[in-house]
Amino acid sequence: MNVLQQTEDNLKQEISTAVVQAALAETADIPEIVLEKPKDKAHGDFATNIAMQLARIAKKPPRKIAEDIMENLDQTKASIKKIEIAGPGFINFFMKQDFLGEVIPTILEAKDAYGQTNAGGGEKVQVEFVSVNPTGDLHLGHARGAAFGDVLCNLFAASGYQVEREYYINDAGNQIDKLGLSVEARYFQALGKDVDMPEDGYRGKDVVEIGKALAAEYGDKWEQAESTDRLNFFKEHGLQRALARIEMDLNDFRVHFDHWFSERSLYKNGKITEALSTLEAANYTFKQDGATWFRSTDFGDDKDRVLIKQDGSYTYLTPDIAYHKDKLDRGFDKIINVWGSDHHGYVPRMRAAIQALGYEKEKFDVKIIQMVNLFENGEKIKMSKRTGKAVALRELMDEVGIDAVRYFFVARSNDSQLDFDMDLARSESNENPVYYVQYAHARICTMLKQAETKGFTIDGDFDVSLLTAEKEVNLLKKLGEFPQVVADAAQKSAPHKVPQYVFDLATLLHSFYNAEKVLDADHQERTSARIALMEAVRITIANALKLIHVNAPEKM
RNA sequence: GUCUCAGUAGCUCAGUAGGAUAGAGCAACAGCCUUCUAAGCUGUGGGUCGCAGGUUCGAAUCCUGCCUGGGACACCA
């Protein structure tokens with residue numbers, strides 16, 4: 001399924017053999033052979049720096065080593081046309097014309113599956129993301145994490161990992177009490193009563209709407225109820241409705257979870273006390289000032305952390321430790337958390353807890369998502385005009401569209417802050433990368449439809465060797481890279497490589513389109529080959545967009 | 001004060017398990033539609049990779065220090 005990879009592996013193997021044959025180094029001493037794809041065509045199809053890397057081991061000048069390797073290389077076996085030594089000792093490989101010959105057939109056969117590999121080897125990965133407290137609607141900061149986590153999971157799934165998506169619901173603790181009180185106040189207000197909001201209540205319009213909905217549904221039924229019952233009612237219903245809203249927003253944002261994990265369940269099934277006793281048994285806890293502490297400094301944390309407060313209640317950390325223990329006990333090879341940058345400082349104590357519980361710290365990984373700043377008319381808008389709080393995901397989706405939001409959020413590296421330009425995201429022009437890529441896809445669809453109406457054969461035989469124009473070769477090379485790009489993005493947890501790739505591919509397509517005519521009655525065979533090429537590009541663009549959950553329209 | 005992310009073209013950003021002349025989009029300038037979608041293409045200009053040292057054949061990339069900006073430093077979640 002991964003044609004170029006095959007070619008590269010063969011080449012690496014031959015290089016390795018040549019190194020040994022030239023007596024430059026023992027097999028065990030050879031550094032990993034890296035093949036790069038030079039930007040400059042004069043440097044060939046592939047290049048390696050192995051001669052420079054071997055300079056110290058072989059105790060010879062790099063260019064001499066390169067010559068030795070060249071002499072011992074079986075060129076016929078690795079389908080090489082020409083080799084050159086350049087610069088300080090680079091070896092440049094010019095491949096025979098046909099090394100790209102399998103690219104199109106591979107893609108046409110794989111279709112939706114093109115891009116998938118088994119790079120992950122079935123490793124079990126769990127990604128926990130979003131996990132927003134159910135005390136209000138998702139805003140744009142959460143949305144970036146949602147898009148990131150979602151695409152990361154898609155990448156894992158495509159690259160041969162077993163992946164599970166999980167949302168941790170903070171449905172215990174005092175923020176739920178606050179939610180209950182806030183909903184209660186909004187309920188009374190919806191009934192026309194003059195009731196003040198609690199001091200530090202949740203003042204978002206989401207809670208107002210929940211209060212209204214409950215008033216409409218239950219009337220004044222809860223007005224006279226006993227206060228404990230009443231508060232419990234508002235806690236439960238507030239929680240359920242807030243969660244439902246979050247789930248719906250995520251659903252519309254094309255993000256779905258395999259598992260919604262309740263914090264409360266940890267209280268009910270004793271997992272918290274279990275985690276605490278594990279820590280205690282391992283001697284990582286102590287009592288001081290009436291509180292129970294976790295000695296996280298043993299694992300490099302800045303200071304020790306309270307687990308049980310003076311008043312006997314848990315800190316936020318305690319159930320969270322139990323939660324992570326539970327995740328690891330479920331047998332994942334790796335658990336990845338996607339957190340906002342405001343939780344960055346939380347990482348060392350969690351990592352300390354993982355180790356204190358007896359797990360390898362390598363199994364635990366946190367991806368930090370930097371802040372999003374919104375810009376409109378060239379000005380920064382941090383707060384929503386309507387709610388006075390951070391702009392809601394819902395508003396953003398309504399204003400600029402889901403495709404644009406997702407693409408923009410994923411297109412930047414997670415550890416760079418993101419300036420989100422509303423005007424750009426909204427614009428239907430070539431300035432907008434989303435439209436640029438989608439347009440490439442739609443263009444191909446139009447061509448293929450035209451081909452049909454004009455009577456060209458679409459699924460017939462084609463001869464790939466006719467695709468020798470520069471822009472055709474560029475496309476073929478780019479197409480062949482796709483599975484590696486996906487696997488690399490998964491391995492490095494770098495979803496932004498996908499928009500980058502598909503943008504480049506779209507550029508090559510547009511460039512080709514303007515330079516060459518696909519449907520040409522005077523060159524039937526070349527037309528057949530080009531139709532196949534177009535279909536291969538179309539499939540690849542569609543697959544790349546699918547990985548980031550952006551639509552690939554057939555016409556625009 | 002400590003930790004952390006960032007600092008690359010006028011703007012927004014790629015590139016960072018060291019590699020050849022540091023890339024892209026936008027903006028600027030100059031061209032291309034009787035021809036499969038001009039939501040497109042072609043070309044030009046634009047850089048002390050924050051600063052200073054160090055490591056080596058080679059540093060935007062690794063190490064140290066400093067400067068600037070964001071974020072975090074609770075018996076909150």
Side-chain angles (χ1 to χ4, degrees), chain A residues 32 34 36 38-40 42-43 47-49 52-53 55-56 61-62 86-90 92 133 135 170 172-176 178 200 288-293 301-303 305-317 319-320 340-348 368-371 373 375 378 408 411-421 424 427-440 442-451 453-454 456 492 496-497 499-500 503-504 506-507 509-520 527 530-531 534 555-556:
Chain A
E32 193 194 346
V34 179
E36 58 175 307
K39 293 155 209 149
D40 190 337
H43 296 148
T48 182
N49 62 353
M52 274 112 83
Q53 297 203 305
R56 203 165 307 168
F90 287 100
N92 296 334
N133 285 353
T135 55
N170 292 108
N174 62 24
Q175 81 274 10
I176 297 302
K178 278 198 316 201
D200 48 357
Q288 190 184 306
D289 305 330
T292 302
W293 296 68
D301 194 10
D302 285 346
K303 42 190 142 186
R305 309 290 171 177
V306 171
L307 293 170
I308 306 174
K309 300 183 237 175
Q310 279 181 345
D311 67 3
S313 65
Y314 298 132
T315 61
Y316 179 79
L317 179 64
D320 217 12
S341 63
D342 53 340
H343 287 74
H344 206 154
Y346 197 74
V347 178
I368 296 297
I369 309 296
Q370 294 294 329
M371 278 180 47
N373 293 310
F375 284 81
F408 277 62
R412 296 275 176 267
S413 159
N414 61 291
D415 45 31
S416 283
Q417 289 185 24
L418 176 68
D419 284 351
F420 189 96
D421 184 339
L424 179 60
S427 79
E428 301 191 357
S429 75
N430 58 352
E431 299 164 31
N432 189 336
V434 188
Y435 282 84
Y436 182 85
V437 172
Q438 291 181 321
Y439 183 49
R443 252 187 167 170
I444 297 173
C445 290
T446 304
M447 274 189 276
L448 295 175
K449 254 175 239 154
Q450 284 271 340
T453 53
K454 285 181 180 171
F456 291 98
K492 292 182 173 150
H496 69 275
K497 287 178 184 291
Q500 218 168 283
F503 185 89
D504 289 346
T507 300
L509 183 276
H510 288 311
S511 180
F512 164 80
Y513 178 92
N514 277 274
E516 312 283 352
K517 192 146 174 67
V518 173
L519 307 177
D520 184 351
T527 297
R530 285 186 172 170
I531 287 175
M534 288 303 100
K555 65 177 174 197
M556 291 172 75

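Letters A, B, ... are given to chains in the order of the sequence lines, protein chains preceding strands, and every chain is numbered from 1. Just so it is clear, the structure is predicted and the values come from calculations on it, not from any experiment.
Using a 4.0 Å heavy-atom cutoff across all strands shown, K303(A) reaches sugar-phosphate atoms only and no base atom. Residue A47(A) is in base contact, counting any heavy-atom pair closer than 4.0 Å across all strands shown. Among the heavy atoms of the strands lying under 4.0 Å from D289(A) is at least one base atom, whether or not backbone atoms are also near. M371(A) comes within contact range of the sugar-phosphate backbone alone, with a heavy-atom separation under 4.0 Å but no base atom that close. Within 4.0 Å (heavy atoms only), Y513(A) reaches at least one base atom of the nucleic acid. Contact annotation for S427(A): no contact, since no heavy-atom pair falls under 4.0 Å across all strands. Looking at heavy-atom distances under 4.0 Å, H343(A) makes contact with a base. Among the heavy atoms of the strands lying under 4.0 Å from Q500(A) are primed sugar atoms or P, OP1, OP2 only; no base atom is included. Residue A442(A) is classed as a base contact, given a heavy-atom separation below 4.0 Å to a base. Here D320(A) lies out of heavy-atom contact (under 4.0 Å) with every strand. Within 4.0 Å (heavy atoms only), N133(A) reaches sugar-phosphate atoms of the nucleic acid but no base atom.
Considering only the side chain of R412(A), U12(B) comes nearest among U12(B), A77(B), C5(B). Of the candidate nucleotides C75(B), C36(B), A14(B), C36(B) has the atom lying nearest to any side-chain atom of Q450(A). When distances run from any side-chain atom of D342(A) to the nucleotides A14(B), G19(B), G71(B), the shortest one goes to G71(B). Counting only heavy atoms from C-beta on, M52(A) has its side chain closest to G19(B) among G19(B), C36(B), C5(B). Comparing G71(B), A20(B), U42(B) by their nearest atom to the side chain of S511(A) picks out U42(B). Side-chain proximity of Q370(A) to the nucleotides C5(B), A20(B), U2(B) is greatest for C5(B). For P88(A), the listed nucleotide lying nearest its side chain is G19(B); candidates were C36(B), G70(B), G19(B). Taking the side chain of H510(A) as heavy atoms from C-beta on, and the options G19(B), C41(B), A20(B), the nearest nucleotide is C41(B). Out of A17(B), A77(B), A6(B), the shortest distance to the side chain of K492(A) is found at A17(B). Distance from the side chain of Y436(A) is smallest to C41(B) among A20(B), A24(B), C41(B).
Rounded to an integer number of Å, the gap from Y316(A) OH to A74(B) C1' is 15 Å. Rounded to whole angstrom, the span from the CG atom of D419(A) across to the P atom of A6(B) amounts to 16 Å. One atom, CD of E36(A), and another, P of U16(B), lie 11 Å apart when rounded to the nearest Å. As a whole-Å value, the separation of E516(A) CD from C32(B) C1' is 16 Å. What separates CG of N414(A) from P of G15(B) is a distance of 10 Å, to the nearest Å. In this structure, CD1 of I368(A) is placed 17 Å from P of C3(B), rounded to the nearest angstrom. Q175(A) has its CD atom 19 Å from the P atom of A74(B), to the nearest Å. D421(A) has its CG atom 13 Å from the C1' atom of C13(B), to the nearest Å.
In this structure C33(B) sits in no base pair that meets the Watson-Crick or G-U test at under 3.5 Å. Pairing of C26(B), defined by two Watson-Crick or G-U wobble distances under 3.5 Å, is identified with G10(B). Base-pair partner of A20(B): not found among the strands shown (Watson-Crick or G-U wobble, both distances under 3.5 Å). Base pairing analysis places A72(B) opposite U2(B); the two distances defining the Watson-Crick or G-U wobble pair are each below 3.5 Å.
Residues M447(A) and F456(A) have side chains not in contact (no heavy-atom distance under 4.5 Å, counting atoms from C-beta outward). Within the 4.5 Å cutoff, no side-chain heavy atoms of L307(A) are placed close to those of Y314(A).
A60(B) and C73(B) have their P atoms separated by 36 Å, given to the nearest Å. U64(B) and A30(B) have their P atoms separated by 50 Å, with the value rounded to a whole Å. Taking atom P in both G58(B) and G54(B), one finds a spacing of 12 Å when rounded to whole Å. The gap from the P atom of A72(B) to that of U8(B) amounts to 23 Å, rounded to the nearest Å. The C1' atoms of A9(B) and C3(B) are separated by 33 Å, rounded to the nearest whole Å. Only the C1' atoms considered, G45(B) is 46 Å distant from U2(B), to the nearest whole Å. Spacing of C1' atoms, A28(B) relative to G10(B), comes out at 9 Å, to the nearest Å. The gap from the C1' atom of C67(B) to that of C29(B) amounts to 36 Å, rounded to the nearest Å.
Between the side chain of T292(A) and the main chain of I308(A), no donor-acceptor pair closer than 3.5 Å is present. When atom types are taken as modelled, the side chain of N414(A) and the backbone of I368(A) share a donor-acceptor pair closer than 3.5 angstrom. At least one donor-acceptor pair closer than 3.5 Å links the side chain of N432(A) to the backbone N or O of V434(A).
Interatomic distance, CE of M534(A) versus OG1 of T446(A), reported as 12.5 Å (0.5 Å rounding). Here CG of L418(A) is found 7.0 Å from CZ of R412(A). Values are rounded to the nearest 0.5 Å. D421(A) CG to N373(A) CG: the interatomic distance, rounded to the nearest 0.5 Å, is 12.0 Å. From H510(A), atom NE2 reaches atom CZ of R443(A) across 6.0 Å, with rounding to the nearest 0.5 Å.
For A39(B), the base adopts the anti conformation, since its glycosidic angle falls more than 90 degrees from zero. Shown here, C33(B) is classed syn by the O4'-C1'-N9-C4 or O4'-C1'-N1-C2 angle, which is within 90° of 0.
Residue order along RNA chain B, read from the 5' end via each residue's closest nucleotide, puts K517(A) first among K517(A) and Y435(A). When each of A55(A) and H344(A) is assigned the nucleotide of RNA chain B with its nearest heavy atom, H344(A) is the one assigned upstream, toward the 5' end.
With centres under 5.5 Å and a plane angle under 30° as the test, the ring of Y346(A) is not stacked against the base of A72(B). Where stacking is scored as ring centres under 5.5 Å apart with planes under 30°, H43(A) registers as stacked on the base of A20(B).
Between K309(A) and A77(B) there is a side-chain N or O to OP1 or OP2 distance below 4.0 Å. The phosphate of U4(B) has neither OP1 nor OP2 within less than 4.0 Å of any side-chain N or O from S341(A). A close approach under 4.0 Å does not occur between any side-chain nitrogen or oxygen of R530(A) and OP1 or OP2 of C36(B).
Nearest heavy-atom pair, N133(A) versus N170(A), reported as atom, atom and distance to 0.1 Å: OD1-OD1, 2.8 Å.
Contact of N92(A) with A20(B) (side chain to base): a donor-acceptor pair of N or O atoms is detected under 3.5 Å.
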